[in-house]
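Reading through the structure tokens given below for one structure.
Being a predicted model, the structure only gives us computed values, none of them experimental. Numbers restart at 1 for each chain; the letters A, B, ... are given by sequence-line order, proteins then strands.
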Amino acid sequence: MVRCAPPWQTIRDSMTVVTRFAPSPTGMLHVGGVRTALFSWLYARRMGGKFILRVEDTDRERSTDEAVRVILDGMAWLGLTADEGPYYQTQRFDRYGAVIGQMLAAGQAYHCYCTKEELEAVRAEQTARKEKPRYPGTCRHGRAPRPGVQPVVRFRNPAQGSVVVEDLVHGSVTFQNAELDDLIIARSDGTPTYNFCVVVDDWDMGVTHVIRGDDHLNNTPRQMNMLLALGAALPTYAHVPMILGPDGAKLSKRHGAVSVLQYEEEGYLPDALLNYLVRLGWAHGDQEVFTREEMIAAFDIKDVNRAASAFNPEKLLWLNQQHMMRATPATLVPHLRAQLRRIGLDCDDQALLEGIILAQRERAKTMKEMALNSRFFFAEHVEIDPKAAAKHLGGGGRETLQRVRERLAGLGGWSTEAIHGALEALAAELGAGLGKVAQPVRVAVTGAAVSPPIDVTLALLGRERTLARLDAAMAAGSGA
RNA sequence: GCUCCCUUCGUCUAGAGGCCCAGGACAUAGCCCUCUCAAGGCUGUAACACGGGUUCGAAUCCCGUAGGGAGCGCCA
């Protein structure tokens, strides 16, 4: 992970766009984070720039390996490949320490000997007075070290003037420096804090466009002040709105705030998830379905909306099916195989799997659902749904099955056309509609009253299995 | 409480002063197609948060109000 010559020190083209996704592994990567990552990735791709992945793990207490794994695997599954990284902040502590030392020496930062208890007391008073809780500046103008107190380091924020954030999605936002207090950049144990690390990292890595959740908009002026103090160039900011749960409330575990990998398990296609997420807060005319290439070609961070949007599972489902129906069957085969394996079915017959995909994709919203609906193709014996049997195998049902069996057994070829012709001819002889013949066969062969067209179903199933199941259904019927 | 942000159909959105008694999509209702279920096609219900301005004219500009969100941490 550690490299001798970090790329940002060798490649330094100020003209190219550099974006980054900097998740913190304190919680699972969910759709909210993924969308921010997507916007950064898309923008870099669109501008022919670079996309960096950086893991913000400065909070060693709350960071977990599991969360890091989900970030890495999730990004890989989605195909949001980084041009650099992953970098880890915990491996850059020396660098942060050096910058802090430099700022201390320059008077841009200072030691603060106030204890947590003292500060909490001050905050309590301020809140009681209905004031904004803030650091009172006790140590700002120098203070003798206090025995037994390990000091923190605070950034000396300008007291006067204002900072204007020229945000790509919000426009200009002005903050008064008087509203900003001196934030802690190093804890008493010496470890640097988030707001400081991002600043150093984005600076070192040459990030030109900071695209992140709008919960960071309030942090931006302080970060800009630090960048200014360091003599660094300011990046362009774009604060994208957050995603709400389907109920309009904050994204919760109940819906949405689950690991992205959950969507893989549920049978969603990466392109469909990405397509869904890009349309949350962004649009390109009336277009709903986008391929990756189309997204890259049409995307611009400037077109992103300012308002938060609610996650809608139904539309994701619809889009997933749209992508399933537009994909080349062969590209879906690995997905189908994986889902079949989950339910204990192993099949490596490429032609059969492609045939099933073609037959099933317009009646399944996810690859998981497709696998579930296709079990009868592989099972040794089918369990016949009693309700379906009662409806279609009673009365003359069994007699119909016998006649179908005779026709199919003597059929010259085993194609959808041949099967279709035989069943239709039989229906005509019986003076009934195709349904009168197809439904009993469907129930006998699939166990249910629902399946792809009967000719397609039988063709895929094969003559041997078809006849065996017709026999089994007739035998079961006579026994009852 | 203070600071900042946000507000078009149930949901995602188009709309950058007249093209809008507001368009598309999901969902929903009905119809068509049809061997089942789907997919597909057609039709319908449904929105500019509210109040003032500016203007010949406002969803679009300005000011308020209300509601929602974020930040105010030795969390990120």
Side-chain angles (χ1 to χ4, degrees), chain A residues 22-27 56-59 61-63 89 112 114-116 119-120 123 126-135 150-154 165 167 170 173-176 178-181 183-191 193-195 197-198 213-221 239 241-242 244 246 248-250 276 279-289 305-319 321 325 360-365 373 388 392 420 423-424 427 433-439 441-443 446 448-455 457:
Chain A
S24 132
T26 51
E56 313 233 314
D57 53 353
T58 47
D59 184 353
E61 299 286 297
R62 302 194 304 155
S63 295
Q89 291 188 324
C112 169
C114 299
T115 63
K116 275 184 196 178
L119 294 175
E120 263 163 39
R123 270 195 285 271
Q126 288 168 330
T127 319
R129 267 183 271 129
K130 296 190 190 281
E131 282 172 17
K132 185 175 183 170
R134 50 191 300 149
Y135 175 64
Q150 280 297 315
V152 297
V153 178
R154 284 182 189 272
V165 182
D167 193 278
H170 289 276
V173 183
T174 306
F175 294 86
Q176 295 303 319
E179 291 293 335
L180 276 21
D181 58 1
L183 80 164
I184 291 172
I185 59 178
R187 305 181 179 94
S188 46
D189 66 2
T191 58
T193 59
Y194 162 79
N195 271 298
C197 295
V198 231
D214 66 6
D215 47 338
H216 289 283
L217 185 53
N218 286 295
N219 291 329
T220 307
H239 288 94
M242 51 188 281
L244 273 19
K250 208 163 159 186
Y276 176 71
R279 280 287 288 100
L280 239 39
W282 176 83
H284 182 63
D286 287 339
Q287 188 173 351
E288 295 289 350
V289 184
N305 282 163
R306 290 172 299 278
S309 39
F311 187 86
N312 183 337
E314 277 81 37
K315 188 157 183 181
L316 204 211
L317 241 16
W318 174 79
L319 257 178
Q321 185 173 29
M325 292 195 294
Q360 294 282 47
R361 63 182 176 180
E362 58 200 29
R363 60 205 99 234
K365 304 269 192 201
N373 292 347
H392 300 290
H420 190 83
L423 296 184
E424 213 158 48
L434 219 204
K436 209 68 186 160
V437 174
Q439 280 309 83
V441 175
R442 172 171 282 121
V443 172
T446 72
V450 171
S451 91
I454 196 66
D455 47 359
T457 303

Choose from B:rG40, B:rC37, B:rC74 the nucleotide whose nearest atom is closest to any side-chain atom of A:Met325. B:rG40
How is A:Glu288 classified with respect to the nucleic acid when contacts are heavy atoms under 4.0 Å: base, sugar-phosphate, or nothing? base
Donor-acceptor pair under 3.5 Å: do we get one between A:Ser451's side chain and the base of B:rC37? no
Tell me, for nucleotides 3-9 of chain B in 5' to 3' order, what letter each nucleotide earns: B for a base near a protein heavy atom under 4.0 Å, S for only sugar-phosphate near one, - for neither? SSSSS--
Between B:rC61 and B:rC48, how many Å separate the two C1' atoms, rounded to a whole number? 15 Å
Atom-to-atom span, CG of A:Asn219 to C1' of B:rG73 - whole angstrom: 11 Å
Would the distance check show the side chain of A:Arg361 and the main-chain N or O of A:Ala364 forming a donor-acceptor pair, the cut-off being under 3.5 Å? no
Looking at B:rC19, which nucleotide sits across from it as a Watson-Crick or G-U wobble partner, both distances under 3.5 angstrom, or is there none? none
Could you check whether A:His216 gets within reach of a base, just the sugar-phosphate, or nothing at all, counting any heavy atom under 4.0 Å? base
Which part of the nucleic acid, if any, lies within reach of A:Asp189 when heavy atoms closer than 4.0 Å are counted: base, sugar-phosphate only, or nothing? nothing
Side-chain touch A:Leu316/A:Phe311, heavy atoms, less than 4.5 angstrom: yes
Sugar-phosphate only, base, or nothing, as touched by A:Thr26 at under 4.0 Å among non-hydrogen atoms: nothing
Other residues, nucleotides, ligands: >12 heavy atoms within 6.0 Å of A:Gln287 CD: yes
Could you tell me which nucleotide pairs with B:rU54 by Watson-Crick or G-U wobble geometry, both distances under 3.5 Å, or answer none if nothing does? none
Rounded to whole Å, how long is the line connecting atom CD of A:Gln126 with atom C1' of B:rC72? 10 Å
Could you tell me whether the side chain of A:Tyr276 and the main chain of A:Leu317 form a donor-acceptor pair under 3.5 Å? no
Write out a two-atom table: protein N or O, nucleotide N or O from nucleotides 29-35 of chain B, distance below 3.5 Å.
| residue | atom | partner | partner atom | Å |
| --- | --- | --- | --- | --- |
| B:rC35 | O4' | A:Gly435 | N | 3.2 |
| B:rC35 | O2 | A:Arg442 | NH1 | 3.1 |
| B:rC35 | O2 | A:Arg442 | NH2 | 3.0 |
| B:rC35 | N3 | A:Ile454 | N | 3.2 |

Whole angstroms only, please: what is the OH-P distance between A:Tyr276 and B:rU11? 12 Å
Figure out the CD1/C1' separation between A:Ile184 and B:rC74, and round it to whole Å. 5 Å
Polar contact flag, side-chain donor to acceptor under 3.5 angstrom, A:Asn195-A:Thr193: no
Is the backbone of A:His239 close enough, under 3.5 Å, to the side chain of A:His170 for a donor and an acceptor to pair up by distance? yes
Judged by modelled atom types alone, do A:Gln439 and A:Arg442 share a side-chain donor-acceptor pair under 3.5 Å? yes
B:rU7 pairs with, by Watson-Crick or G-U criteria that keep both distances under 3.5 Å: B:rA66
Rounded interatomic separation in angstrom, taking CD from A:Gln287 and P from B:rC12: 20 Å
Pair partner, B:rG44 [Watson-Crick or wobble, under 3.5 Å]: B:rU28
With a non-hydrogen cut-off below 4.0 angstrom, is A:Ala283 in contact with a base, only sugar-phosphate, or nothing? sugar-phosphate
Both distances under 3.5 Å, Watson-Crick or G-U wobble: report the partner of B:rC2, or none. B:rG71
So do the side chains of A:Cys197 and A:Glu56 get within less than 4.5 Å of each other, counting heavy atoms only? no
With a 4.0 Å limit, can you tell me whether A:Ser309 has a side-chain N or O closer than that to the phosphate oxygens OP1/OP2 of B:rU13? yes
OP1, OP2 of B:rU13 versus side-chain N and O of A:Lys315: anything below 4.0 Å? no
Distance check needed: B:rA39 C1' versus A:Leu317 CG, whole Å only. 15 Å
note: A:Asp181, atom CG; B:rC72, atom C1'; distance rounded to Å ~ 8 Å
What is the distance, rounded to the nearest whole Å, between atom CZ of A:Arg129 and atom P of B:rC2? 15 Å
Can you tell me if A:Asp189 uses its side chain to pair, donor with acceptor, with the backbone of A:Thr191 under 3.5 Å? yes
Which is true for A:Ser63 with a 4.0 Å heavy-atom rule: it touches a base, it touches only sugar-phosphate, or it touches nothing? nothing
If the plane angle is over 60° it's perpendicular, under 30° parallel, otherwise tilted; pick one for A:Tyr194 and A:His216. tilted
Listed by chain and number, what are the salt bridge (Lys or Arg N to Asp or Glu O under 4.0 Å) partners of A:Lys315, not counting sequence neighbours? A:Glu288
Report the residue (A:Gly281 or A:Asp286) whose heavy-atom-nearest nucleotide on RNA chain B is the more 5′ of the two. A:Gly281
Closest to the 5' end of RNA chain B, once A:Ala449 and A:Arg279 are matched to their nearest nucleotides, is A:Arg279
Considering only the P atoms, how many Å lie between B:rA58 and B:rG53, rounded to the nearest integer? 12 Å
May I ask which nucleotide in the shown strands pairs with B:rC33, Watson-Crick or G-U wobble, both distances under 3.5 Å? none
